Amino acid sequence: GIPVQSPDWLLDRDDIDAVSLAGGIVRVPAGRWILDEVVNISDDRVQVVGERGTVLVCPKSLAQIFGPNRNWSWSGGLLRLAPEGSTHVLGRVAQASDGADVLPVEWSDPTVAARSGEWVQLQWYNDKEDTLLAWLYGQGIPPSKYGSEFRGEQTVRIRTWTRVVSVEGGRVKIDPPLPAPISDAWRVEMVRTPSLQQVVLRDLRFEFPDVAHAGHLKEPGYNAIQATRLLQCSIERITTVNADSAVFLGNSAFTTVRH
């Protein structure tokens with residue numbers, strides 16, 4: 001840390017960046033540390049670990065750092081956990097029953113098919129007759145009540161992570177098995193998408209300014225943590241004071257968040 005003219009210390013983002021290159025532990029000792037910019041963690045096996053008495057003083061909102069944005073009411077954080085890279089569609093999955101662990105896949109390009117041992121995502125898209133939504137929500141809701149944002153065929157309705165156990169031509173064994181059936185009426189794709197694995201945040205207290213609440217969907221983004229596409233990660237014993245939001249966690253699996 002770098003001392004400043006106050007009882008607080010500046011959290012050194014370079015320490016986290018250096019550890020991110022190969023994985024490792026950044027230990028934040030007890031004390032008050034200023035966190036006034038977003039710290040990105042985008043590599044596996046990084047740990048940011050405090051101890052009793054570790055306080056991250058966060059004087060700025062995301063609106064002050066990046067500018068006003070309505071999205072700060074439901075996204076963003078001063079610690080941002082997200083992998084880098086793009087998503088590639090590997091192929092389309094044919095009909096399979098709920099709980100199946102062997103899937104027939106028509107590869108988009110057989111030379112870049114799924115590999116044994118890797119994590120992939122399965123993504124379900126709705127159909128024109130809304131039969132996927134009917135399976136999800138039951139027949140008691142008329143399709144007209146779903147709303148246009150749910151009925152669109154271009155938006156993923158279900159995502160699940162699974163590990164590839166083996167690949168034999170167009171048959172893929174997975175673990176865990178399917179959480180939902182696959183119908184030929186639905187477009188279900190197997191995709192290779194980056195993930196962040198074995199990352200740990202522990203024993204950190206975030207303190208934000210004591211200001212009046214701006215109102216629903218007007219929050220300036222006094223947000224502690226945003227995490228997306230995590231696998232086998234852990235966020236433990238995180239405390240927030242005066243935060244708009246504490247932890248946003250999305251598109252993740254096999255990850256623990258506990259106080």
Side-chain angles (χ1 to χ4, degrees), residues 20-23 40-46 75 80-137 146 149-199 226-234 248-256:
S20 293
L21 296 176
N40 292 294
I41 297 176
S42 57
D43 295 279
D44 297 339
R45 300 180 300 280
V46 174
S75 64
R80 180 177 180 271
L81 282 60
E84 296 178 345
S86 55
T87 295
H88 302 281
V89 176
L90 297 175
R92 181 163 179 168
V93 186
Q95 185 165 315
S97 60
D98 188 1
D101 64 355
V102 177
L103 307 180
V105 181
E106 181 180 350
W107 303 114
S108 301
D109 181 350
T111 63
V112 289
R115 300 184 294 264
S116 297
E118 76 170 321
W119 287 94
V120 296
Q121 271 199 340
L122 300 174
Q123 300 181 342
W124 281 252
Y125 290 82
N126 191 31
D127 62 327
K128 291 182 179 179
E129 286 72 35
D130 297 323
T131 58
L132 176 58
L133 298 185
W135 184 87
L136 280 171
Y137 303 117
Y146 291 139
E149 71 275 14
F150 283 97
R151 300 180 69 181
E153 297 176 67
Q154 303 304 314
T155 304
V156 176
R157 289 290 131 229
I158 304 175
R159 284 188 177 93
T160 188
W161 288 93
T162 190
R163 188 189 291 273
V164 176
V165 176
S166 62
V167 180
E168 296 182 5
R171 295 178 66 80
V172 181
K173 185 173 178 61
I174 61 170
D175 182 41
L178 288 181
I182 295 176
S183 167
D184 287 337
W186 309 330
R187 176 160 60 98
V188 180
E189 296 175 338
M190 180 177 290
V191 302
R192 176 178 290 135
T193 189
S195 63
L196 203 56
Q197 301 183 34
Q198 300 177 41
V199 170
Q226 174 167 335
T228 184
R229 289 184 284 175
L230 303 189
L231 289 172
Q232 299 175 321
C233 296
S234 178
F248 290 117
L249 178 66
N251 199 3
S252 301
F254 311 103
T255 290
T256 300

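Owing to the predicted nature of the structure, the values given are computational and were not obtained by experimental measurement.
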For [X] and [Y], work out which heavy atoms get closest and say how close.
{"X": "Ala180", "Y": "Asp98", "value": "N-OD1, 3.4 Å"}
{"X": "Ser252", "Y": "Ala227", "value": "OG-O, 4.5 Å"}
{"X": "Thr131", "Y": "Ala185", "value": "OG1-CB, 4.4 Å"}

Is any side-chain heavy atom of [X] less than 4.5 Å from a side-chain heavy atom of [Y]?
{"X": "Val172", "Y": "Trp107", "answer": "yes"}
{"X": "Pro194", "Y": "Glu84", "answer": "no"}
{"X": "Leu196", "Y": "Asp44", "answer": "yes"}
{"X": "Thr193", "Y": "Arg159", "answer": "no"}
{"X": "Trp124", "Y": "Thr160", "answer": "yes"}
{"X": "Val167", "Y": "Arg115", "answer": "no"}
{"X": "Asp101", "Y": "Val165", "answer": "no"}
{"X": "Thr87", "Y": "Gln121", "answer": "no"}

Query - Leu122, Val188, Val93 screened by side chain to side chain contact (heavy atoms under 4.5 Å, CB included) with Val105, the one that passes - result: Val93
Check for a donor-acceptor pair, side chain of [X] on one end and backbone N or O of [Y] on the other, with a separation under 3.5 Å.
{"X": "Arg187", "Y": "Gln123", "answer": "no"}
{"X": "Arg163", "Y": "Gly117", "answer": "yes"}
{"X": "Asp184", "Y": "Gln95", "answer": "yes"}

If you measure from [atom1] on [X] to [atom2] on [Y], what distance do you get to the nearest 0.5 Å?
{"X": "Thr162", "Y": "Lys173", "atom1": "OG1", "atom2": "NZ", "value": "10.0 Å"}
{"X": "Thr228", "Y": "Asn251", "atom1": "OG1", "atom2": "CG", "value": "5.0 Å"}
{"X": "Ile41", "Y": "Asp43", "atom1": "CD1", "atom2": "CG", "value": "9.5 Å"}
{"X": "Leu133", "Y": "Trp186", "atom1": "CG", "atom2": "CH2", "value": "9.5 Å"}
{"X": "Gln198", "Y": "Arg45", "atom1": "CD", "atom2": "CZ", "value": "6.5 Å"}
{"X": "Leu249", "Y": "Arg229", "atom1": "CG", "atom2": "CZ", "value": "13.0 Å"}

Query raised in the report: Do Thr111 and Asp109 meet the criterion of a side-chain donor-acceptor pair at a distance under 3.5 Å?
Result: yes
Query - Test side chain to side chain contact (heavy atoms under 4.5 Å, CB included) applied to Pro104 - qualifying residues, sequence neighbours left out - result: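 In terms of side chain to side chain contact (heavy atoms under 4.5 Å, CB included), with neighbours along the sequence ignored, Pro104 is linked to Ala94.
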Query raised in the report: Where does the angle between the aromatic ring planes of Trp161 and Trp119 fall among parallel (under 30°), tilted (30 to 60°) and perpendicular (over 60°)?
Result: perpendicular
